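Have a look at the structure below, then the notes.
Since we're looking at a predicted model, the values are computed, not measured. Residue numbering restarts at 1 for every chain, and letters A, B, ... go by the order of the sequence lines.
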Amino acid sequence: MKYDAQAFELISNKEIANGIFDWTVKNKSLSSIAQPGQFAHIAVPGKTLRRPISICDTDGENLRLVFQVKGQGTEIMSQLKEGASVDIIAPLGNGFKIEKGKKYCFIGGGIGVPPMLYAAKAACKPLVITGFRSKDFVILQDDFKSIGADLVLATDDGSTGIHGFVTDVLKERINEVDEICACGPFPMLRAVAQAAKENNKPCQVSLEERMGCGVGACLVCACKVKRANGEEEYLHVCKNGPVFNAEEVVF
Amino acid sequence: MADLKVNVAGVEFSNPLIAASGRFGFGREYNEFYPLSVLGGISCKGITLKKRDGNPPPRIAETPSGILNAVGLQNPGVDHFIEKDLPWLKEQDTVIIANIAGNTEEDYCMMAEKFSDSDVDMIEMNISCPNVKSGGVQFGTSCATVGAITKAVRAKCKKPLIVKLSPNVANIADIALSAEAEGADALSMINTLTGMRIDINTRRPIIRNNTGGLSGPAVFPVAVRMVWQAASAVKIPIIGMGGISTWQDAVEMLIAGATALQIGTVLFSDPYAPVKICEGLSKFMDENGIKSISEISGTIKPW
């Protein structure tokens, strides 16, 4: 038995930016085994599908989940009160592989930033590049600073931090790092993977796709990968990912 | 203690709950939640003659009380399944049903032959998949094609043969009779209803296949009605499915005329649904002095 669906207590629910919510769920059993880049599959009252939310952080006692309201399901989640019971299957999927002694660059774009916090905690003095649309959507800056990350903030409109994309920053500083881990919108991941390839740096990307079961049975969250022999096939974000070697992903 | 055993076409199930094809893969993932022997049976993910990649994503969209899906029969092919997955499945102490799909009548016949020589307990012929370009539902929507393909596959099939029917038809009773007349041992129904959702910002369908199959509680009343109509017409047993989520739904579907049940979409929100439904069913039977499932099946008292 590897999986379990259990009810856990929501001990804190705060809106930390425009439409972005920060949950803390009392969850000793799951938070002690969760790996960076894995996700939690959350049952939403009244909805047929669970919502996959990446694990932002854990302290061994509590699970921290940061999500953006995108539709009805996340809207319902955002309205849950402290003390509510939340049904969670976690930790699911394959996370980031963080090796000791390597200098990492973690890149997050928008709501792809939260999983980078837990990942960055696993590495030594990492470079962290966070990108947002504008100052209204900026999150988790103090959290990254508190773990000793070399933190860069960029916004698309220049309303705070550097005016530009995360890839602009990456290209300038790519020689400082050994490996790159990224999570964010697909075009951003494509650009990050391209920059990594041009500079011969290994790169791991966390993908997103509309998901069903979350455990690899229903085969809906397909993503195309290229095998070493050149053959392309559909793997699944929930079970084979969400983190993939960028070299394998067909962008 | 109520006896949950049911018998479909000579095959005994420890309880009436069978995992529906397409939601359960080949069982390995859910075996991480509970031993698969808690299920009466497993209808495996639809299998084709050759490996299929399936449709491009997105393959799923949520709907009011349900989902649309268009996976497009992604599977490793029959030979891979028989060699790599079936031996493990056969050790799980539950009935194993091979769900077969194809592009042509010959495909279905070859699949039936291959599975007749395998260890599967039953074969479920899927002539109702709405998400593939050729084959699938095109065989399932007229009495003539249902009859013809059932007859052809029957001739090659040495295992009990279940024909899985589409709800996207004008008269389900006639379709059911055609399958029965040409040798189906049982029917399973309903497959998904064809549906669509559109993103109002991009004006594109959410599912890459444009349309998908609707399942979940939204289709339950349609399924109950169709099982009732088919059960009123045929003598062969019916495996009822379509949005069953609670033990009450299970009882209702049995009353409508089902001998056994399949569950699928409810697993998304609650992987433990089969265990809970069995517990509820058992308690209901004990409280009402019902000794076996067959005392419930088909006991509807229509007005």
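- For the atom pair B:Ser269 OG and A:Ile89 CD1, the distance stands at 9.0 Å (nearest 0.5 Å).
- For A:Gln72, no part sits under 4.5 Å from any heavy atom of chain B, backbone or side chain.
- With hydrogens and angles ignored, the 3.5 Å screen pairs a side-chain donor or acceptor of B:Gln74 with a backbone N or O of A:Tyr234.
- Interatomic distance, A:Cys221 SG to B:Ile60 CD1, rounded to the nearest 0.5 Å: 9.0 Å.
- Under the 4.5 Å side-chain criterion, counting only non-hydrogen atoms from C-beta, A:Glu232 is not in contact with B:Asp53.
- A donor-acceptor contact closer than 3.5 angstrom is absent between the side chains of A:Asp4 and B:Tyr34.
- Using a 4.5 Å heavy-atom threshold, the side chains of B:Pro58 and A:Glu209 count as touching.
- Rounded to the nearest 0.5 angstrom, A:Cys218 SG and B:Leu267 CG are separated by 10.0 Å.
- Using a distance-only test at 3.5 Å, with no hydrogens or angles considered, a donor-acceptor pair links the side chain of B:Arg59 to the main chain of A:Leu219.
- Highest contact tally toward chain A, considering only B:Gly22, B:Ala218, B:Pro56, is held by B:Pro56 [criterion: heavy-atom pairs under 4.5 Å].
- Between B:Glu62 and A:Arg50 there is no salt bridge, since none of the side-chain N atoms of the basic residue sits less than 4.0 Å from a carboxylate O of the acidic one.
- Distance check: A:Cys213 SG to B:Phe24 CZ gives 10.5 Å after rounding to the nearest 0.5 Å.
- Looking at A:Lys47, both its backbone and its side chain come within 4.5 Å of chain B, counting heavy atoms on both sides.
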